[in-house]
Structure formats: structure tokens, C-alpha cells
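Here's the structure, in C-alpha cells; my notes come after.
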2 protein chains.
Amino acid sequence: MTSTTQTATDTRWLDDRQQRLWRSFLGGSTAFFDQLDRDLRREHDLSMPEYEILVRLSEAPEWTLRMAEVASQVAHSRSRITHTVSRLERAGLVERESCLSDGRGVNAKLTDAGMDRLRDAAHTHVGGVRRYLMDNLTEEEFEIIGQAFERVRGDLNGQGF
Amino acid sequence: MTSTTQTATDTRWLDDRQQRLWRSFLGGSTAFFDQLDRDLRREHDLSMPEYEILVRLSEAPEWTLRMAEVASQVAHSRSRITHTVSRLERAGLVERESCLSDGRGVNAKLTDAGMDRLRDAAHTHVGGVRRYLMDNLTEEEFEIIGQAFERVRGDLNGQGF
DNA sequence: CCGCTATAGTTGCGGCTTCAACCAACTGCC
DNA sequence: GGCAGTTGGTTGAAGCCGCAACTATAGCGG
């Protein structure tokens, strides 16, 4: 036990192998997410964050969700959701309505136009996720990656926040 | 063979399990990268992209790299590198000098102040990568993730365009 | 019922990124 | 040697995001 003691300020640096792996993940995921976003913008005039919000709304009863609920589902700040929903509203894809049960609350509701746009964009998006990501992974790898980041997210939401 | 035929415009949707895994990865990596960025800004007044550039320069001979080389190493657009290096230059962490062997070229060079800042920030950054990511993963998982995204990146740089 | 604190959401500003347009220098080819 | 196309890099505008400050409502204890 004695030799493994570390003070809080010591840093466990990465060895060469870990460096390579970390940078591969960083570079690969960066390139991947950028590409998804570009495709969506070019073909459907939607950003990834905008698309994600439309997806969550489309799955909710009445196509409606509280702002805070949207925020927590897509893992974005409340402020960001406000900004993004405002843009979507300006584009006519989403509507805001005040929440009956809570005077502070605001509901975001998908419009028909929003649903139409989402249906189109989904082809591009899912196609990209498959081509760029899943088609380069085995089933097992994909499973491992999903499970791993589930833990990462749980950890950050738990003690992290 | 007959029943598996697909036209180019058909979309292979994700089943429920794939959806869950994909969203876990998306949400987890989003939360993770956001946290890394926040930590760096709060404690060292550096963004992740800025930090990444400092790292690459610090590893180059003469602490110097061509702009395009920086861009390709960190997987960012040239324009983005121009902007980010300009900010770093304004902060005195990097200097620009014109490239002797190619009249179009511009070298970015780390300054002593830049190296000092990088040394401080590295503790925060690596600590975050370990705590938020690696400590939640087994060795095998980390290896798999690194290798997988190496392929993803290669694929995007290759046939991508 | 009052006041205190916590929560929901918005706002404005400043910083970061993208895109398209642009200039300049290199390359190859006739 | 000069023109055509390519590559390296920058620029400015517009969009996107984070942060801190703010308003308003909810909930709770006295």
C-alpha cells in the first residue's frame, strides 16, 4: 500500500500507448461529429443539436416536452436549449406554449412542418451514423462503446455536476 | 439474395438496442467533452482546441509546425486553425513566422509563455481524461474505443471526399 | 400570509466556428 | 516563360454557444 500513495495534486500521465488511443478517439470522434453536422446542414438546413431536439419532441406524447426535460435528454445546458428552440421556433419547426401545471414552465411542441423536416433529415442522419460509425465497427465494439459512455455519462451527472 | 436487395435511397433504421447504444455514446461523449472544456477554461483560461494546438506544437521540433500540419493533426478546418492561432498569438502563447521553404506557408511556434501555460493546463486536462473517461473504462474497452475511432477517422479522411 | 430559498427559463454579451470569398504563391504543361 | 489549376492561408459576416445576471413562479417553514 505504501508505494501507491499519491497526493491529490499528482498527475498520472498517459503512456505512449494510452496517448495514441486517446488521440485516436478524440480525432476520430471530432471528425465524425463534424461530418454528421455538415451533412445535416447542407442537405436539410439543420444542425445536429437542432435535429436532436426534434427527435426527442417527436417521441414525446403530444410532441411536447418541457424545456428542462429536453435539456436533460440531449445533455445540453438550459441556456443552450433556449437559444436552439428559439431558432427552431423562428423556422416554424417548433412552438412554445406555457405549461399549465407549473407557471414557470414552458413546453416545446413539434409542429407539422417540424415533423416533415425531421422525417427528411432522419435519412441523412441515420445514414451517416451507419456509414461513418457503425459500418466501421463490429457489433461487439458498438455495444461496448455504447455501454462505456453510458457509464461515463452517469458518472458526470452523479458526483460530477 | 433477393429479399436483401436495397436501393441506394433506402435507409437502414436503427433498432431499439442500437438506438439506446447510439444515444448513450452521443450523450456520454458530449457531456465528457463539455466537461473537459469547462475545466480547462475555468482553471487555465484555455479552450480544448487551444490546448490541443499547444500540445502539438510542444511536440514538434523547434516547437514549430506549419498551419496545415496543425490542422490535419487536430482534425480541424484550416480556417478554424487560423482563428484559434490568432487568439493564441494575441495571448502571447504562440508566434507566427513565415515559412522559408514555401512562400505561402506560415509557421506557428510555441513561445516560452505558451509552454508554461501548457505545462500547468496539462495536469487539469489529463486528470479529466482519467477521471471522467478512463477510470470508467477497462483497459480492454479503452483499447477497443481507440482502435475503433482510428478506423472511423481513416475512413472519413479516405473516401470521405 | 410572509419571507426564504430553490427551480424554470430567458437575455445579452462575448467568444468560437463555419462558410464562402478572397489573395498569393507553387506546380505542371505547352 | 507564361498561363491554368492547385494548394496555403486569411478574412468578414453570420450563426451558435457559454456564462452570468436576471425575472418569475413554486414550495416550504414559521
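All values below come from the heavy atoms of this structure, side chains included, with hydrogens, waters and symmetry mates left out. Throughout, protein chains are lettered first and strands after them, A, B, ... in sequence-line order, and every chain is numbered starting at 1.
Between A:Glu69 and A:Arg56, no side-chain nitrogen of the basic residue sits less than 4.0 Å from a carboxylate oxygen of the acidic one, so the salt-bridge criterion is not met. Using a cutoff of 4.0 Å between basic side-chain nitrogens and carboxylate oxygens, B:Asp37 and B:Arg41 are scored as salt-bridged.
Atom C1' of nucleotide D:dC16 and atom CG of B:Asp34 are separated by 13 Å, given to the nearest angstrom. Rounded to whole angstrom, the span from the CG atom of A:Leu46 across to the C1' atom of D:dG15 amounts to 14 Å. What separates CD of B:Glu97 from P of D:dG9 is a distance of 13 Å, to the nearest Å. Computed from coordinates, the A:Gln35 CD to C:dT18 P distance equals 12 Å when rounded to whole Å. If you measure from atom CZ of B:Arg80 to atom P of D:dG9, you get 17 Å, rounded to the nearest angstrom. At whole-Å resolution of the value, CE in B:Met48 and P in D:dG18 are 14 Å apart. Remark: P of C:dC19 and CG of A:Asp39 are 11 Å apart, rounded to the nearest angstrom. When the C1' atom of C:dA8 is taken as reference, atom CG of A:Leu100 falls 16 Å away, rounded to whole Å.
Between A:Ser47 and D:dG15 there is no side-chain N or O to OP1 or OP2 distance below 4.0 Å.
Taking the ring centroids of B:Tyr132 and A:Phe149, they lie at or beyond the 6.0 Å cut-off.
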Exercise for review: Let me see the working for A:Thr30 and B:Phe33 under side-chain contact (heavy atoms from CB on, under 4.5 Å), right down to the final yes or no.
Suggested key: CA-CA 10 Å; A:Thr30 299; B:Phe33 287 126; 5.6 Å; no

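No more than 12 heavy atoms of other residues, nucleotides or ligands sit less than 6.0 Å from atom CD of A:Glu139.
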Using a 3.5 Å cut-off and no angle test, enumerate the donor-acceptor pairs between side-chain atoms of residues 86-95 of chain B and protein atoms at least two apart in sequence or in another chain.
{"residue": "B:Ser86", "atom": "OG", "partner": "B:Thr82", "partner atom": "O", "Å": "2.7"}
{"residue": "B:Ser86", "atom": "OG", "partner": "B:Arg96", "partner atom": "NH2", "Å": "2.5"}
{"residue": "B:Arg87", "atom": "NH1", "partner": "B:Glu50", "partner atom": "OE2", "Å": "3.2"}
{"residue": "B:Arg87", "atom": "NH2", "partner": "B:Thr84", "partner atom": "OG1", "Å": "3.3"}
{"residue": "B:Glu89", "atom": "OE1", "partner": "B:Arg96", "partner atom": "NE", "Å": "3.0"}
{"residue": "B:Glu89", "atom": "OE2", "partner": "B:Arg96", "partner atom": "N", "Å": "3.3"}

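Comparing B:Arg41 and B:Asp102 by the nucleotide of DNA chain C that holds the closest heavy atom to each, the one mapping nearer the 5' end is B:Arg41. Of the two residues near DNA chain D, A:Arg87 and A:Ser101, the one whose nearest nucleotide lies more 5' is A:Arg87.
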Are any protein N/O atoms closer than 3.5 Å to N/O atoms in nucleotides 9-13 of chain C? If there are, list each pair with its distance.
{"residue": "C:dG9", "atom": "OP1", "partner": "A:Arg66", "partner atom": "NE", "Å": "3.1"}
{"residue": "C:dG9", "atom": "OP1", "partner": "A:Met67", "partner atom": "N", "Å": "3.4"}
{"residue": "C:dG9", "atom": "OP1", "partner": "A:Val106", "partner atom": "N", "Å": "3.0"}
{"residue": "C:dG9", "atom": "OP1", "partner": "A:Val106", "partner atom": "O", "Å": "3.2"}
{"residue": "C:dG9", "atom": "OP2", "partner": "A:Ala68", "partner atom": "N", "Å": "2.7"}
{"residue": "C:dT10", "atom": "OP1", "partner": "A:Arg96", "partner atom": "NH1", "Å": "2.5"}
{"residue": "C:dT10", "atom": "OP2", "partner": "A:Thr82", "partner atom": "OG1", "Å": "2.7"}
{"residue": "C:dT10", "atom": "OP2", "partner": "A:Arg96", "partner atom": "NH1", "Å": "3.2"}
{"residue": "C:dT11", "atom": "O4", "partner": "A:Ser79", "partner atom": "OG", "Å": "3.4"}
{"residue": "C:dG12", "atom": "O6", "partner": "A:His83", "partner atom": "NE2", "Å": "3.1"}

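Screening residues 105-118 of chain B for salt bridge (charged side-chain N to carboxylate O under 4.0 Å, His left out) gives B:Asp116-B:Arg119 as the qualifying pairs, with residues at least two apart or on separate chains.
No contact: B:Asp37 has no heavy atom under 4.0 Å from any strand.
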